[in-house]
Amino acid sequence: VPNLPEATLDTFVGSTTWPSAGANAYVNADGVCYGLTPCYTTIQAAVDNHSNSSTILVQPGVYAPFIIDGDLRSYNGLTVRGMDTDAVIIDGNGSSYGIRVNNATSVNLENMTVRNAAYGVQLDRAGINGHEITGNRTELRTMLIYNTGSHDIYMSRESTASVINSTLSRSSNHIGAYGAADPNIIVEWTSMANTPWPIQPGGGAVTVGDYIYTLRGGGNNTFGRYNF
C-alpha cells in the first residue's frame, strides 16, 4: 500500500469518494463533506461528538490515530466506516496504537488501512462476554493492518473480536493478548482415565452443539465425532 497523499487518494478510488446520506457524522480531512453534516476534519472529533449506535463515515485521506473510549461515554454499537480500505488510512506515525477501543461492546471498524503503530488495533475491555453473546464482539471488517511494531491486533484477555475479510500482514505476532483472564469464563477440568478421542501433536478438537469433533494428529488425518 503506497503512502499516497489525499489528493491522489481521491483519484485512486474514483466514484467511491462520494459519501451517501444516512450516517450520523462525516469525516473529511479538508472539511468538505459535499453538503452532508455534521462534517469533521478528524475521526477523533467525530467520535468525541457521538456515542451509542452512531455511524461515522470517513472519506479518503490519511488520518491520525483515534480512540473510542467507553470510560468517557457509552460507545456500544458505534460504527466507524471508511469508504474504501485502500484510501482511508490511519497512520500511527510511530505511536502506540492506530485505533484503540476501550470498554465498549459491538463496535464496528470497517474499510480502513492501519499502519505505522506499535499495535494496529488495540482492544481493552472491548467486546466483553462476546464468547457467549457474539453481537458484543468488536468487528473488524475489510481492514488492512501493516507495518506494526509489535502486533497487528493487541487485546486484553477479556476482549473479544471478529476479524472478517481482513488482512493482517505481519509475518508473526498477528494477534497478542495481555492482562488477566476474563473473570466471566470459568474453566473446569475433569480427569478421565481413558478417552475415546486421543489427540496427538498436530491434532485438535472443537465443540459444536452437543458434539466434539476431533482431528487425531500425529500423522493421522482421521476426524472423529463424539456426543457428550
Side-chain angles (χ1 to χ4, degrees), residues 19-29 33 36-59 61 63-83 85 88-92 95-114 117-145 148 151-166 175-180 182-185:
S20 57
N24 301 101
Y26 301 87
V27 179
N28 194 334
C33 295
L36 297 171
T37 58
C39 181
Y40 301 91
T41 57
T42 68
I43 300 173
Q44 189 65 68
V47 169
D48 289 347
N49 283 279
H50 290 80
S51 56
N52 280 354
S53 303
S54 295
T55 297
I56 297 170
L57 188 61
V58 185
Q59 295 176 66
Y63 296 91
F66 64 94
I67 181 172
I68 299 168
D69 193 350
D71 290 336
L72 300 179
R73 64 170 60 87
S74 178
Y75 282 110
N76 297 340
L78 180 76
T79 295
V80 180
R81 178 181 300 136
M83 296 190 65
T85 305
V88 176
I89 298 172
I90 313 304
D91 194 324
S95 63
S96 60
Y97 60 83
I99 302 172
R100 180 167 176 163
V101 182
N102 284 353
N103 192 21
T105 60
S106 310
V107 170
N108 301 296
L109 305 172
E110 305 174 9
N111 308 338
M112 293 179 282
T113 290
V114 184
Y119 311 122
V121 175
Q122 184 172 358
L123 306 177
D124 185 14
R125 297 162 292 141
I128 287 179
N129 288 335
H131 61 288
E132 293 183 336
I133 306 171
T134 57
N136 279 10
R137 298 174 185 172
T138 302
E139 183 174 291
L140 282 68
R141 182 180 293 272
T142 324
M143 299 283 287
L144 169 62
I145 304 176
T148 55
H151 293 84
D152 291 331
I153 300 173
Y154 195 51
M155 55 198 296
S156 62
R157 295 187 188 280
E158 70 266 51
S159 296
T160 64
S162 294
V163 182
I164 303 167
N165 296 333
S166 297
I175 300 175
Y178 65 92
D182 187 344
N184 297 300
I185 299 177

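No experiment lies behind these values; they were computed from the predicted model shown.
Asn111 places a side-chain N or O within 3.5 Å of a backbone atom of Gly82 that can act as its donor or acceptor partner. Although no hydrogens or angles enter the test, the distance criterion places a donor-acceptor pair under 3.5 Å between the side chain of Ser159 and the main chain of Arg125.
Between the side chains of Asn136 and Asn129, not a single donor N or O lies within less than 3.5 Å of an accepting N or O. Side-chain contact, Thr105 with Asn76: a donor N or O sits under 3.5 Å from an acceptor N or O. Checked by atom type, the side-chain pair Thr42/Gln44 shows no donor-acceptor distance below 3.5 Å.
In this structure, Met155 and Thr138 have side chains that are not in contact, with every pair of non-hydrogen atoms separated by 4.5 Å or more. The side-chain heavy atoms of Leu57 and Leu36, taken from C-beta on, include no pair separated by under 4.5 Å. Val114 has its side chain out of reach of Leu109: every pair of non-hydrogen atoms, C-beta onward, lies at least 4.5 Å apart. Looking only at side-chain heavy atoms (C-beta outward), Gln59 and Cys33 come within less than 4.5 Å of each other. In this structure, Thr148 and Tyr97 have side chains that are not in contact, with every pair of non-hydrogen atoms separated by 4.5 Å or more. No side-chain heavy atom of Arg81 sits under 4.5 Å from any side-chain heavy atom of Asn108. Residues Glu110 and Thr79 form a side-chain contact, since some pair of their non-hydrogen atoms from C-beta on lies under 4.5 Å apart.
In this structure Tyr40 satisfies the ring-ring contact (aromatic ring centres under 6.0 Å, His included) test together with His50, sequence neighbours excluded.
In terms of heavy atoms, Ser51 sits closest to Ser74 at CB-O, 3.3 Å. Scanning both residues, Ala118 and Ser96, for their nearest heavy atoms gives CB-O, 3.5 Å. Closest of all the heavy-atom pairs between Ala126 and Leu123 is CB-CB, 3.9 Å. Across all their heavy atoms, Asn52 and Tyr75 have their closest contact at OD1-N, 3.4 Å. Between Thr85 and Thr142, the closest heavy-atom pair is OG1-O, 2.8 Å. Taking both residues in full, the closest heavy atoms of Asn28 and Tyr63 are given as CA-OH, 3.5 Å, listed atom of the first, atom of the second, then distance.
Asn102 pairs with exactly one of Asp124, Leu72, Ile68 by the side-chain contact (heavy atoms from CB on, under 4.5 Å) rule, that one being Asp124.
Going from atom CG of Asn165 over to atom CZ of Arg141 covers 6.5 Å, rounded to the nearest 0.5 Å.
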